[in-house]
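Comments concern the structure below.
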Amino acid sequence: MAQLSDDCFAFGGPLMSIDEAVGIIASRVTPVADLETVPVVQADGRVLAADIRAPLPLPPFTNSAVDGYAVRSADLALAGQQPFPVMGRIQAGAAPGAPVLPGQAVRIFTGAPMPEGADTVFMQEDVQVDDAGNVVLPAGLKPGANVRPAGEDIRRDATVLPSGRRLRPQDVALTAALGLTQLEVRRRLRVAVFSTGNELVSPGEVRGPAQLFDSNRVMLIAMLARLGCAVSDLGILRDERGSLAAALKQAASSHDLILTSGGVSTGEEDHVKASVESVGTLVLWRMAIKPGRPVAMGIIGGTPFIGLPGNPVASFVTFAHVVRPAVLALAGAAQEQLVPTPVRAAFSYKKKIARREYVRVNLRKDSDGLYEAVKFPREGAGLLSSLVDTDGLAELGENVTAVEPGQTIGFLAYSSLM
Ligand code: AMP
Ligand code: MG
């Protein structure tokens, strides 16, 4: 199981920046140690457990990049057209056949191996075939044109994928091109998810007049699944210290991370913190982030615990900036930096210095072709429509105090956050 020392998340400062939080998380958690072997076709999203080296070069043999005619560049005239007799035909997948002799051409197709002697290919669109069946070649083609030399893409023995890579479709394509069938990956992170709150019921249950259907749980489960976690849906816990503590302790014995939402504010009915303290250790991180309130971090029986705020937008934003880096670190994956795209603000906004804010926005193409960010009209941290009806988050850094229309700001698409 992913293990942590008891003081792993201890931190004394009054307000923690997001960069500081990510730094602490990335440096202090120990990733899951268990490995498993998976077929390449099932490896997308998994975390590589060891570097991959190329057992062969790519392409494995020198081949034609086009449909055309292969020749020896030494035969080519500096000016004028030249007729060459066509002495053979090489299809993709076929043997290269006899060497090309001086003064000869060979018909060749994309991906077919270059015959010995030839080093240049004329595209079929650039030549003519005369009545005698000779191919007539124009002057001016560079020696080596339209040929893909063996190893031009990947050299044999090169390290092509690093340990810790969360595999993407193009990464698994590369492993397949190298002939690999199985990859060694870290086992999936086991994450337990709870919601907390007496006001919550699950969809499908009878909802009392002062009750809400629980929406955070399915959101967090979906985000964790996109990060490659094996998630246990452990339902809703009541605002009651004893039962909360018992459920958290039980979950700790069989998971690598426990994630809750709700109950971490400082109200009298916020019991998550006290429950964690009764079965483990807890620190409250006051994050310099809006939306988002305190995030509770802790250790229960060696298993990390993260308690997110209950408001759906606060839960979403703190997931992206605290849970995501924690999950990557625990899963043994390299941190994947979030890179905001520069866009033009189409709104004005005032904010406090020394805290990072995320504004829900839609992107719209401006008349000059650049994108501008249009702010969602309302700001409440409980508004699910503000997440559903927007494209992503505009990131306003710690030093920003105001945004004016036309100013360049950073945009993070929702898809980049999970
Ligand atoms: P709390 O952080 O427990 O004080 O909750 C803050 C707000 O978020 C309250 O209005 C809760 O009703 C709401 N909330 C808490 N948990 C959930 C949830 N799982 N789904 C939807 N809303 C929630
Ligand atoms: Mg609550």
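Counting starts at 1 for both ligands and their atoms, in listed order. Owing to the predicted nature of the structure, the values given are computational and were not obtained by experimental measurement.
Distances below 4.0 Å separate heavy atoms of D214 from the following atoms of ligand 1: 18 (C), 19 (N), 20 (N). If you number the atoms of ligand 1 from 1 as listed, the ones under 4.0 Å from a heavy atom of G263 come out as 1 (P), 2 (O), 3 (O).
Between T159 and R53, the side chains place no donor N or O within less than 3.5 Å of an acceptor N or O (distance only, hydrogens not considered). Using a 3.5 Å distance cut-off with no hydrogens or angles, the side chains of N362 and T390 do not pair a donor with an acceptor. Side chains of R217 and S202: a donor on one and an acceptor on the other come within 3.5 Å.
A search for salt bridge (charged side-chain N to carboxylate O under 4.0 Å, His left out) contacts involving D51 returns nothing, not counting sequence neighbours. By the salt bridge (charged side-chain N to carboxylate O under 4.0 Å, His left out) test, E36 is found to be paired with R46, residues two or more places apart in sequence or in another chain being considered.
Taking any N or O of P309, backbone or side chain, none lies under 3.5 Å from an N or O belonging to ligand 1. Considering backbone and side-chain N/O of R217, none are found under 3.5 Å from N/O of ligand 1. Polar contact check, G310 against ligand 1: a nitrogen or oxygen pair lies under 3.5 Å apart.
At a 4.0 Å heavy-atom cut-off, ligand 1 touches L200 through the side chain alone. When heavy-atom distances to ligand 1 are checked against a 4.0 Å cut-off, L212 comes that close only through its side chain, counted from C-beta outward. The side chain of S195, and not its backbone, has at least one atom closer than 4.0 Å to an atom of ligand 1 (non-hydrogen atoms only; side chain from C-beta on).
Environment of CD in Q337: sparse, with no more than 12 heavy atoms of neighbouring residues, nucleotides or ligands closer than 6.0 Å.
Side-chain atoms of E404 never come within 3.5 Å of backbone atoms of Q407 as a donor-acceptor pair (strictly under, hydrogens ignored).
Between Y414 and F316, the ring-plane angle classifies as perpendicular under the 30° and 60° cut-offs.
Protein heavy atom in closest approach to atom 6 (C) of ligand 1: N311 N, 3.7 Å. Considering only non-hydrogen protein atoms, atom 9 (C) of ligand 1 sits nearest to E199 OE2, 4.1 Å. The nearest heavy-atom contact from the protein to atom 21 (C) of ligand 1 is S215 OG, 3.3 Å. Annotation: atom 18 (C) of ligand 1 to nearest protein heavy atom, N216 ND2, 3.3 Å.
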Could you walk me through whether E395 and Y358 satisfy the side-chain hydrogen bond (donor to acceptor under 3.5 Å, both in side chains) test, starting with their C-alpha distance in whole Å, then the side-chain angles of each, then the deciding distance to 0.1 Å, before giving a yes or no? CA-CA 5 Å; E395 181 176 274; Y358 289 97; 2.7 Å; yes

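Contact analysis leaves G197 out of contact with ligand 1, as no non-hydrogen atom separation drops below 4.0 angstrom.
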